[in-house]
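The block underneath contains the structure these notes are about, expressed in structure tokens.
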Amino acid sequence: MNKVVLFLMAIVASLTVEAQINTPAPSPSAKLMQTVGLTEVMVDYSRPNMRGREVYGNLVPFDKLWRTGANAYTKITFDTDVTIGGKEVKAGTYSIFTKPSASTWEVFFYTDIVGGGTPSKWEEGKVVAQLTVPVQKLDMPVETFTITIDDVMSNGANIGIIWANTYVAVPFTVPTDATVMKSIDKALNGPTADDYYAAAVYYSSEGKDINKAKEWMNKAMSMTEKPAFWQLRQQSLILAKAGDKKGAIEAAKKSLAGATEAGNDDYIKMNNDSLKEWGSK
């Protein structure tokens, strides 16, 4: 083995050893999860330290767009629609950018969520919400950049941004009351047509009480203004299984008409086969 080969092998070996060394990230990543009312909120961000540096007005310049953290974009996820700065923000994930000043911060929620630093091209059309919030001074400095969800109430909370001697609170509201009222109305008004339909199909497919399945299916159809051909198909099968061939034939004919209008060959064939089996003329 010549000296060149030995030299290259030594370099590869040293690189392999170096690749196995783990060191802590200067700005470690963090994830925050918080339930606000009935909404799940998650924040994914990186946490730089002061390290003796003057932060705002120096490390983070005033009146310039900031990524609000370090490394990749800081991201926030809502699993329901929320309201921020008077605007409805759809459920989803957004990046948070800020423009700090000495007394107030501008806060932007942006649709682009992949990247580091700040966008090379800022597009106003991608801002789903923005607001201006006041700066609150802290009595003692916080070394590590921190995002919190504070003042958690059933209808909203604040996104807290804390670093150095500065705290800002970004309020948002969640649709808890509307969601609860909707569920109350649904519960008090009883099962829907879809509930009856799903229960009937389950009972029939699992070999449970077919008469109960028939009762629920009939309720579902009576509550549906214009049943679909595939719903009528299930009704016909349940009626046939319950021994009501006359009702089954009537439902199958309606399903056949709907399938024919929709051009669904599969349902046309299934209904014709069943009508033949049930002795329809």
Side-chain angles (χ1 to χ4, degrees), residues 22-36 39-85 87 89-101 104-120 122-123 126-138 140-152 156-174:
N22 292 321
T23 59
S27 301
S29 61
K31 286 187 179 181
L32 165 67
M33 298 187 70
Q34 176 66 56
T35 302
V36 180
T39 299
E40 295 296 328
V41 183
M42 184 176 76
V43 181
D44 188 346
Y45 70 112
S46 294
R47 306 184 66 191
N49 284 318
M50 290 173 61
R51 304 186 192 281
R53 299 171 293 183
E54 181 183 354
V55 175
Y56 297 112
N58 186 13
L59 179 65
V60 178
F62 283 143
D63 303 317
K64 288 189 176 181
L65 197 66
W66 181 41
R67 59 184 161 186
T68 321
N71 303 328
Y73 293 170
T74 289
K75 296 178 284 293
I76 189 165
T77 301
F78 306 102
D79 75 345
T80 70
D81 297 351
V82 299
T83 300
I84 304 173
K87 287 191 175 182
V89 175
K90 296 296 183 182
T93 301
Y94 302 92
S95 52
I96 301 175
F97 294 99
T98 50
K99 191 178 289 186
S101 70
T104 61
W105 282 28
E106 290 182 73
V107 184
F108 307 88
F109 293 81
Y110 202 66
T111 56
D112 277 355
I113 60 173
V114 178
T118 56
S120 57
W122 183 259
E123 298 181 53
K126 294 181 178 180
V127 177
V128 295
Q130 71 179 82
L131 67 167
T132 301
V133 295
V135 168
Q136 301 177 45
K137 292 298 182 181
L138 302 176
M140 57 185 298
V142 174
E143 172 68 27
T144 306
F145 178 75
T146 303
I147 294 180
T148 57
I149 304 295
D150 301 326
D151 306 319
V152 179
N158 289 323
I159 302 164
I161 302 175
I162 310 166
W163 201 16
N165 63 343
T166 295
Y167 171 85
V168 295
V170 183
F172 66 94
T173 60
V174 295

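These numbers come from the heavy atoms of this one structure, side chains and all, not from hydrogens, waters or symmetry mates.
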Given Phe109 and Val82, is the side-chain contact (heavy atoms from CB on, under 4.5 Å) satisfied, shown in steps?
CA-CA 12 Å; Phe109 293 81; Val82 299; over 6 Å; no
Stepwise side-chain contact (heavy atoms from CB on, under 4.5 Å) check, Lys137 with Thr166
CA-CA 5 Å; Lys137 292 298 182 181; Thr166 295; 3.8 Å; yes
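Across all their heavy atoms, Val170 and Val133 have their closest contact at CA-CG1, 4.3 Å. Counting all heavy atoms, side chain and backbone alike, Gly156 lies closest to Val174 at N-CG2, 3.8 Å. Closest non-hydrogen pair, Trp163 versus Thr144, comes out as CD1-C, 3.7 Å. Closest of all the heavy-atom pairs between Gln136 and Ala169 is NE2-CB, 4.4 Å.
For the pair Tyr94/Ile84, no side-chain contact is recorded, criterion being any heavy-atom separation below 4.5 Å from C-beta on. In this structure, the side chains of Pro171 and Leu131 come closer than 4.5 Å at one or more pairs of heavy atoms.
Residues satisfying the side chain to side chain donor-acceptor pair (under 3.5 Å) test with Thr68, not counting sequence neighbours, are Thr98. Under the rule for a ring-ring contact (aromatic ring centres under 6.0 Å, His included), the partners of Tyr45 that lie at least two apart in sequence or sit in another chain are Phe145. Residues forming a side chain to side chain donor-acceptor pair (under 3.5 Å) with Thr83 (at least two apart in sequence, or on another chain): none. By the ring-ring contact (aromatic ring centres under 6.0 Å, His included) test, Tyr73 pairs with Phe97, sequence neighbours left out. Taking the salt bridge (charged side-chain N to carboxylate O under 4.0 Å, His left out) definition, one finds that Lys126 meets it with Asp112, Glu123, sequence neighbours left out. In this structure Thr173 satisfies the side chain to side chain donor-acceptor pair (under 3.5 Å) test with no other residue, sequence neighbours excluded. Remark: Val142 engages Leu138, Thr146, Ile162 in a side chain to side chain contact (heavy atoms under 4.5 Å, CB included) (not counting sequence neighbours). With sequence neighbours excluded, the residues that form a ring-ring contact (aromatic ring centres under 6.0 Å, His included) with Phe172 are Phe78. Among residues two or more places apart in sequence or in another chain, the salt bridge (charged side-chain N to carboxylate O under 4.0 Å, His left out) test is passed with Asp79 by none. Every side chain to side chain donor-acceptor pair (under 3.5 Å) that Glu40 has, sequence neighbours left out, goes to Thr35.
Pairs engaging residues 22-32 under the salt bridge (Lys or Arg N to Asp or Glu O under 4.0 Å) rule: none recorded [sequence neighbours left out].
Judged by distance alone, the side chain of Trp105 and the main-chain N or O of Thr132 form no donor-acceptor pair under 3.5 Å. Looking at Asn165, its side chain never comes within 3.5 Å of a backbone N or O of Met140 through a donor-acceptor pair.
Here the straight-line distance linking atom CE of Met42 with atom NZ of Lys75 works out to 8.5 Å at 0.5 Å rounding. The structure places CD1 of Ile96 at 10.5 Å from CG of Asp44, a figure rounded to the nearest 0.5 Å. In this structure, Lys99 NZ and Thr104 OG1 are separated by 11.0 Å, a value rounded to the nearest 0.5 Å. Atom CG of Leu32 is separated from atom CD1 of Ile159 by 10.0 Å, given to the nearest 0.5 angstrom. Rounded to the nearest 0.5 angstrom, Thr39 OG1 and Gln34 CD are separated by 11.0 Å.
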With a 3.5 Å cut-off and sequence neighbours excluded, list the donor-acceptor pairs that the side chains of residues 51-66 form with protein atoms.
{"unit_1": "Arg51", "atom_1": "NH2", "unit_2": "Pro26", "atom_2": "O", "d": "3.0"}
{"unit_1": "Arg53", "atom_1": "NE", "unit_2": "Met50", "atom_2": "O", "d": "2.9"}
{"unit_1": "Arg53", "atom_1": "NH2", "unit_2": "Asn49", "atom_2": "O", "d": "2.6"}

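In the model, Ser46 has no side-chain atom that pairs as donor or acceptor with a side-chain atom of Ser27 under 3.5 Å.
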